[in-house]
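Some notes on the structure that comes next.
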Amino acid sequence: MSASTDPARPGERGAALLTVLLLVAVIAVLAGTALEKLRLATRLGGNAVALDQARAYSLAAETLAVVKVTDLLQKSRQRVTLQGNWSDTPFALPIPNGSATARVTDGGNCFNLNSLVVETAPGSFAAYTQARIVFAQLIRLVDPNARSPDAIAAATADWLDTDNSPLDSGGAEDSSYGGGRQGYRTGNTLMSDPSELRAVSGVSRTDYEKLRPWLCTLPKAEPAKLNVNTLLPEQAPLLAMLLPGTLTVEGARQVLLRRPPTGFATASAFWAQTAVTGGTELAVGQTDVTTKWFTLKVDVTLGGTVLEQSGLIDASTLPARLVSRQWGERP
(Lines give C-alpha, C1' and ligand atoms only; values in the text may rest on other atoms or scores of the structure.)
Protein backbone atom coordinates (compact mmCIF):
# COMPACT_ATOMS: atom_id res chain seq x y z
CA MET A 1 0.00 0.00 0.00
CA SER A 2 1.62 3.26 -1.10
CA ALA A 3 1.72 6.35 1.18
CA SER A 4 0.01 9.51 -0.03
CA THR A 5 0.24 13.16 1.07
CA ASP A 6 -2.43 15.79 0.98
CA PRO A 7 -1.71 18.59 -1.50
CA ALA A 8 -1.30 22.06 0.08
CA ARG A 9 -4.34 24.19 0.00
CA PRO A 10 -4.26 27.20 -2.40
CA GLY A 11 -4.57 29.67 0.52
CA GLU A 12 -1.46 28.27 2.20
CA ARG A 13 0.57 28.49 -1.01
CA GLY A 14 -0.45 32.17 -1.39
CA ALA A 15 0.56 33.00 2.19
CA ALA A 16 4.01 31.41 1.67
CA LEU A 17 4.50 33.39 -1.53
CA LEU A 18 3.60 36.65 0.22
CA THR A 19 6.02 35.84 3.03
CA VAL A 20 8.82 35.23 0.57
CA LEU A 21 8.03 38.44 -1.32
CA LEU A 22 7.94 40.39 1.94
CA LEU A 23 11.33 38.98 2.95
CA VAL A 24 12.76 39.88 -0.45
CA ALA A 25 11.43 43.44 -0.12
CA VAL A 26 12.88 43.85 3.39
CA ILE A 27 16.25 42.50 2.28
CA ALA A 28 16.22 44.83 -0.74
CA VAL A 29 15.53 47.83 1.51
CA LEU A 30 18.27 46.81 3.93
CA ALA A 31 20.70 46.27 1.08
CA GLY A 32 19.83 49.67 -0.44
CA THR A 33 20.29 51.40 2.91
CA ALA A 34 23.62 49.65 3.48
CA LEU A 35 24.83 50.62 0.02
CA GLU A 36 23.77 54.25 0.56
CA LYS A 37 25.60 54.36 3.88
CA LEU A 38 28.65 52.80 2.25
CA ARG A 39 28.52 55.37 -0.55
CA LEU A 40 28.18 58.21 1.97
CA ALA A 41 31.02 56.85 4.11
CA THR A 42 33.21 56.53 1.03
CA ARG A 43 32.45 60.10 0.01
CA LEU A 44 33.07 61.41 3.54
CA GLY A 45 36.35 59.52 3.65
CA GLY A 46 37.35 60.92 0.29
CA ASN A 47 36.43 64.45 1.39
CA ALA A 48 38.45 64.06 4.58
CA VAL A 49 41.50 62.93 2.63
CA ALA A 50 41.09 65.79 0.13
CA LEU A 51 40.65 68.29 2.97
CA ASP A 52 43.78 67.04 4.71
CA GLN A 53 45.70 67.37 1.46
CA ALA A 54 44.32 70.88 0.91
CA ARG A 55 45.35 71.90 4.42
CA ALA A 56 48.82 70.52 3.86
CA TYR A 57 49.14 72.59 0.68
CA SER A 58 47.81 75.69 2.47
CA LEU A 59 50.43 75.22 5.20
CA ALA A 60 53.08 75.04 2.50
CA ALA A 61 51.78 78.26 0.93
CA GLU A 62 51.73 79.83 4.40
CA THR A 63 55.37 78.93 4.97
CA LEU A 64 56.31 80.37 1.59
CA ALA A 65 54.45 83.61 2.42
CA VAL A 66 56.28 84.00 5.75
CA VAL A 67 59.60 83.54 3.95
CA LYS A 68 58.62 86.18 1.38
CA VAL A 69 57.66 88.65 4.14
CA THR A 70 61.00 88.07 5.87
CA ASP A 71 62.83 88.59 2.59
CA LEU A 72 60.85 91.77 1.87
CA LEU A 73 61.77 93.32 5.22
CA GLN A 74 65.40 92.30 4.99
CA LYS A 75 65.65 94.09 1.64
CA SER A 76 63.52 97.10 2.57
CA ARG A 77 66.00 98.66 5.01
CA GLN A 78 63.29 99.99 7.31
CA ARG A 79 61.18 101.43 4.50
CA VAL A 80 58.34 99.27 3.17
CA THR A 81 56.64 100.62 0.05
CA LEU A 82 54.37 99.20 -2.63
CA GLN A 83 57.29 98.83 -5.03
CA GLY A 84 57.71 95.31 -6.31
CA ASN A 85 53.95 94.78 -6.60
CA TRP A 86 53.98 92.47 -3.58
CA SER A 87 50.80 93.73 -1.91
CA ASP A 88 47.69 91.59 -2.57
CA THR A 89 49.34 89.97 -5.59
CA PRO A 90 48.63 86.23 -5.63
CA PHE A 91 51.63 83.95 -5.93
CA ALA A 92 50.99 80.36 -6.85
CA LEU A 93 52.18 77.14 -5.30
CA PRO A 94 52.18 74.41 -8.00
CA ILE A 95 50.22 71.38 -6.86
CA PRO A 96 48.92 68.34 -8.78
CA ASN A 97 45.23 68.32 -9.76
CA GLY A 98 44.55 71.76 -8.31
CA SER A 99 45.80 75.20 -7.45
CA ALA A 100 47.02 77.04 -4.36
CA THR A 101 47.56 80.78 -4.15
CA ALA A 102 48.61 83.07 -1.31
CA ARG A 103 48.28 86.83 -0.98
CA VAL A 104 49.97 89.12 1.51
CA THR A 105 48.86 92.65 2.42
CA ASP A 106 49.87 95.24 4.99
CA GLY A 107 48.12 94.11 8.15
CA GLY A 108 48.74 97.30 10.11
CA ASN A 109 46.72 99.66 7.92
CA CYS A 110 43.59 99.38 10.03
CA PHE A 111 42.12 100.49 13.33
CA ASN A 112 43.07 97.98 16.00
CA LEU A 113 40.02 97.49 18.21
CA ASN A 114 42.29 96.25 20.98
CA SER A 115 43.93 99.69 21.12
CA LEU A 116 40.81 100.96 22.91
CA VAL A 117 42.42 99.71 26.12
CA VAL A 118 45.88 99.71 27.66
CA GLU A 119 47.34 96.85 29.67
CA THR A 120 47.90 98.09 33.21
CA ALA A 121 49.02 94.69 34.53
CA PRO A 122 49.29 91.21 32.99
CA GLY A 123 45.75 90.34 31.91
CA SER A 124 44.28 93.60 33.24
CA PHE A 125 43.07 96.32 30.86
CA ALA A 126 41.81 99.88 31.27
CA ALA A 127 39.98 102.06 28.74
CA TYR A 128 42.14 104.41 26.68
CA THR A 129 40.41 107.75 26.05
CA GLN A 130 42.47 108.92 23.08
CA ALA A 131 41.81 105.74 21.13
CA ARG A 132 38.08 106.13 21.77
CA ILE A 133 38.18 109.60 20.21
CA VAL A 134 39.96 108.26 17.12
CA PHE A 135 37.55 105.32 16.79
CA ALA A 136 34.52 107.59 17.10
CA GLN A 137 35.96 109.78 14.35
CA LEU A 138 36.45 106.76 12.08
CA ILE A 139 32.83 105.76 12.66
CA ARG A 140 31.68 109.25 11.67
CA LEU A 141 33.71 109.08 8.47
CA VAL A 142 32.61 105.65 7.23
CA ASP A 143 29.20 105.27 8.91
CA PRO A 144 27.49 108.68 8.99
CA ASN A 145 24.16 107.10 9.97
CA ALA A 146 25.52 105.39 13.09
CA ARG A 147 23.31 106.04 16.11
CA SER A 148 26.07 107.43 18.31
CA PRO A 149 29.77 107.03 17.40
CA ASP A 150 30.87 108.12 20.88
CA ALA A 151 28.59 105.58 22.54
CA ILE A 152 29.77 102.78 20.23
CA ALA A 153 33.40 103.63 20.96
CA ALA A 154 32.73 103.74 24.72
CA ALA A 155 30.77 100.47 24.69
CA THR A 156 33.56 98.76 22.76
CA ALA A 157 36.14 99.98 25.27
CA ASP A 158 33.92 98.70 28.10
CA TRP A 159 33.72 95.33 26.32
CA LEU A 160 37.50 95.11 26.45
CA ASP A 161 38.39 96.65 29.82
CA THR A 162 38.60 94.60 32.98
CA ASP A 163 36.38 96.64 35.29
CA ASN A 164 32.58 96.54 35.40
CA SER A 165 31.93 100.28 35.53
CA PRO A 166 30.36 101.77 32.37
CA LEU A 167 32.12 104.78 30.88
CA ASP A 168 30.29 108.09 31.18
CA SER A 169 30.05 108.69 27.42
CA GLY A 170 27.58 105.88 26.75
CA GLY A 171 29.53 102.81 27.84
CA ALA A 172 27.97 99.40 28.47
CA GLU A 173 29.03 96.71 30.93
CA ASP A 174 27.49 93.39 31.99
CA SER A 175 24.26 95.02 33.19
CA SER A 176 23.52 96.10 29.60
CA TYR A 177 23.75 92.57 28.24
CA GLY A 178 22.11 90.51 30.97
CA GLY A 179 18.51 91.02 29.89
CA GLY A 180 16.62 89.36 27.09
CA ARG A 181 16.22 85.70 26.28
CA GLN A 182 19.93 85.08 25.80
CA GLY A 183 21.83 87.32 28.15
CA TYR A 184 25.60 87.40 28.01
CA ARG A 185 28.55 89.22 29.53
CA THR A 186 31.30 91.44 28.21
CA GLY A 187 34.60 89.88 27.16
CA ASN A 188 36.79 91.80 29.65
CA THR A 189 39.82 90.97 27.51
CA LEU A 190 41.25 91.59 24.06
CA MET A 191 39.20 90.62 21.02
CA SER A 192 40.50 87.81 18.84
CA ASP A 193 38.42 88.71 15.79
CA PRO A 194 36.66 91.90 14.60
CA SER A 195 33.38 89.98 14.39
CA GLU A 196 33.14 90.27 18.18
CA LEU A 197 32.21 93.91 17.64
CA ARG A 198 28.80 92.68 16.48
CA ALA A 199 28.01 91.71 20.09
CA VAL A 200 28.76 95.19 21.45
CA SER A 201 25.85 97.33 22.58
CA GLY A 202 24.68 99.83 19.95
CA VAL A 203 26.40 98.14 17.00
CA SER A 204 23.84 97.13 14.38
CA ARG A 205 24.44 94.77 11.50
CA THR A 206 24.65 97.75 9.15
CA ASP A 207 27.16 99.48 11.42
CA TYR A 208 29.34 96.38 11.52
CA GLU A 209 29.25 95.86 7.76
CA LYS A 210 30.34 99.45 7.16
CA LEU A 211 33.09 99.34 9.78
CA ARG A 212 34.47 95.86 9.11
CA PRO A 213 36.82 96.78 6.20
CA TRP A 214 38.64 99.28 8.41
CA LEU A 215 39.08 97.14 11.52
CA CYS A 216 41.51 94.56 12.82
CA THR A 217 42.26 92.86 16.12
CA LEU A 218 46.01 92.74 16.53
CA PRO A 219 47.05 90.71 19.59
CA LYS A 220 48.37 93.79 21.41
CA ALA A 221 46.64 96.59 23.31
CA GLU A 222 48.25 99.34 21.26
CA PRO A 223 47.38 101.32 18.12
CA ALA A 224 48.19 99.85 14.73
CA LYS A 225 50.73 102.12 13.07
CA LEU A 226 49.63 103.13 9.58
CA ASN A 227 52.36 102.79 6.99
CA VAL A 228 52.13 106.00 4.96
CA ASN A 229 54.08 104.27 2.18
CA THR A 230 51.62 101.37 1.71
CA LEU A 231 48.31 103.00 2.67
CA LEU A 232 46.06 102.84 -0.40
CA PRO A 233 44.10 105.90 -1.59
CA GLU A 234 40.84 104.05 -0.88
CA GLN A 235 42.00 103.70 2.73
CA ALA A 236 42.04 107.48 3.14
CA PRO A 237 39.52 107.43 6.07
CA LEU A 238 42.18 105.76 8.21
CA LEU A 239 44.44 108.74 7.65
CA ALA A 240 41.68 111.33 8.00
CA MET A 241 40.59 109.90 11.37
CA LEU A 242 43.92 111.04 12.85
CA LEU A 243 43.21 114.72 12.12
CA PRO A 244 39.51 115.30 12.81
CA GLY A 245 38.27 118.61 11.50
CA THR A 246 41.56 119.29 9.75
CA LEU A 247 42.00 116.60 7.10
CA THR A 248 39.06 115.41 5.02
CA VAL A 249 38.79 111.98 3.43
CA GLU A 250 39.23 113.48 -0.03
CA GLY A 251 42.20 115.54 1.16
CA ALA A 252 43.81 112.41 2.58
CA ARG A 253 43.18 110.56 -0.66
CA GLN A 254 44.87 113.27 -2.69
CA VAL A 255 47.89 113.24 -0.38
CA LEU A 256 48.24 109.48 -0.87
CA LEU A 257 47.87 109.80 -4.65
CA ARG A 258 50.73 112.31 -4.75
CA ARG A 259 53.02 110.10 -2.71
CA PRO A 260 56.43 109.48 -4.34
CA PRO A 261 56.91 105.94 -5.70
CA THR A 262 59.86 105.36 -3.39
CA GLY A 263 57.82 106.45 -0.38
CA PHE A 264 58.90 108.62 2.53
CA ALA A 265 62.05 108.07 4.55
CA THR A 266 60.29 108.93 7.83
CA ALA A 267 56.78 109.57 9.08
CA SER A 268 57.83 113.11 9.95
CA ALA A 269 58.71 113.70 6.28
CA PHE A 270 55.18 112.68 5.35
CA TRP A 271 53.60 115.09 7.84
CA ALA A 272 55.91 117.88 6.71
CA GLN A 273 53.97 118.17 3.45
CA THR A 274 51.97 121.34 3.03
CA ALA A 275 48.68 119.46 2.64
CA VAL A 276 49.04 117.82 6.05
CA THR A 277 51.15 120.37 7.88
CA GLY A 278 50.14 120.55 11.50
CA GLY A 279 49.99 116.83 12.15
CA THR A 280 49.57 116.31 15.87
CA GLU A 281 51.87 114.26 18.03
CA LEU A 282 49.18 111.59 18.07
CA ALA A 283 48.98 111.50 14.27
CA VAL A 284 52.75 111.29 13.87
CA GLY A 285 52.98 108.62 16.56
CA GLN A 286 50.37 106.42 14.86
CA THR A 287 52.12 106.40 11.48
CA ASP A 288 55.31 104.83 10.25
CA VAL A 289 57.19 104.03 7.04
CA THR A 290 57.59 100.33 7.67
CA THR A 291 55.24 97.45 8.43
CA LYS A 292 55.22 95.09 11.41
CA TRP A 293 52.02 93.16 10.69
CA PHE A 294 50.94 91.41 7.51
CA THR A 295 47.67 89.67 6.70
CA LEU A 296 47.74 86.42 4.77
CA LYS A 297 45.04 84.89 2.58
CA VAL A 298 45.41 81.41 1.10
CA ASP A 299 43.04 79.75 -1.38
CA VAL A 300 43.39 76.08 -2.27
CA THR A 301 41.33 74.19 -4.85
CA LEU A 302 41.88 70.45 -5.02
CA GLY A 303 39.44 68.55 -7.19
CA GLY A 304 36.05 69.49 -5.80
CA THR A 305 37.48 70.72 -2.48
CA VAL A 306 37.88 74.45 -1.87
CA LEU A 307 39.74 75.68 1.21
CA GLU A 308 40.16 79.25 2.44
CA GLN A 309 42.65 80.25 5.10
CA SER A 310 43.48 83.62 6.63
CA GLY A 311 46.26 84.48 9.01
CA LEU A 312 48.31 87.19 10.67
CA ILE A 313 52.08 87.46 10.34
CA ASP A 314 54.14 89.19 13.02
CA ALA A 315 57.20 90.80 11.46
CA SER A 316 58.26 92.90 14.45
CA THR A 317 61.28 90.61 14.73
CA LEU A 318 62.90 88.59 11.96
CA PRO A 319 62.43 85.98 10.79
CA ALA A 320 58.71 86.72 10.63
CA ARG A 321 56.28 84.25 12.14
CA LEU A 322 52.61 83.39 11.84
CA VAL A 323 50.73 84.24 15.04
CA SER A 324 47.14 83.34 14.10
CA ARG A 325 45.39 81.14 11.58
CA GLN A 326 41.73 80.71 10.66
CA TRP A 327 40.08 78.19 8.38
CA GLY A 328 36.83 78.74 6.55
CA GLU A 329 35.06 81.39 4.55
CA ARG A 330 36.45 84.88 5.04
CA PRO A 331 34.15 87.79 5.83
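Please read these numbers as outputs of a predicted model, since none were measured by experiment.
- Electrostatic pairing of Glu250 and Arg253 counts as a salt bridge here, judged by a charged N lying under 4.0 Å from a carboxylate O.
- Although no hydrogens or angles enter the test, the distance criterion places a donor-acceptor pair under 3.5 Å between the side chain of Gln273 and the main chain of Phe270.
- Taking every heavy atom of both residues into account, Cys110 and Leu215 meet most closely at CB-C, 4.1 Å.
- Side-chain polar atoms of Asp288 and Thr290 form no donor-acceptor pair below 3.5 angstrom.
- Judged purely by atom type and a 3.5 angstrom limit, Thr70 uses its side chain to pair as donor or acceptor with the backbone of Ala320.
- With hydrogens and angles ignored, the 3.5 Å screen pairs no side-chain donor or acceptor of Asp71 with any backbone N or O of Lys68.
- Using a distance-only test at 3.5 Å, with no hydrogens or angles considered, no donor-acceptor pair links the side chain of Asn97 to the main chain of Gly303.
- Inspection of the Gln309 and Gln326 side chains reveals no N or O donor paired with an N or O acceptor under 3.5 Å.
- When all heavy atoms of Ala102 and Leu296 are compared, the closest pair comes out as CB-CD1, 4.1 Å.
- Aromatic pair Tyr177/Trp159: ring centres closer than 6.0 Å.
- Side-chain atoms of Tyr184 come within 3.5 Å of backbone N or O of Ala199 as a donor-acceptor pair.
- Salt-bridge annotation for Lys292 and Asp106: absent, with no side-chain N of the basic residue lying under 4.0 Å from a carboxylate O of the acidic one.
- Formation of a donor-acceptor pair under 3.5 Å by the Glu196 side chain with backbone atoms of Ser192 is found in this model.
- Smallest separation of non-hydrogen atoms from Ala157 and Ala127: CB-CB, 4.1 Å.
- Donor-acceptor pairing under 3.5 Å is recorded for the side chains of Thr186 and Asp174.
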**Request:** Mind running side chain to side chain contact (heavy atoms under 4.5 Å, CB included) on Val104 and Lys297 for me, showing each step along the way?
**Result:** CA-CA 7 Å; Val104 172; Lys297 296 179 181 179; over 6 Å; no

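- A donor-acceptor pair under 3.5 Å links the side-chain atoms of Asp158 to the main chain of Ala172, judged by distance alone.
- A donor-acceptor pair shorter than 3.5 Å can be found between the side chains of Thr105 and Thr295.
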**Message:** Between Trp86 and Phe294, is the ring-ring contact (aromatic ring centres under 6.0 Å, His included) condition met? List the steps.
**Reply:** CA-CA 12 Å; Trp86 61 269; Phe294 292 84; 5.7 Å; yes

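- The closest donor-acceptor contact from the side chain of Arg140 to the backbone of Asp143 lies at 3.5 Å or more, if one exists at all.
- At least one donor-acceptor pair under 3.5 Å links the side chain of Asn229 to the backbone N or O of Phe264.
- Side-chain atoms of Asp150 never come within 3.5 Å of backbone atoms of Gly170 as a donor-acceptor pair (strictly under, hydrogens ignored).
- When only modelled atom types and interatomic distance are considered, Asn188 and Thr162 share no side-chain donor-acceptor pair under 3.5 Å.
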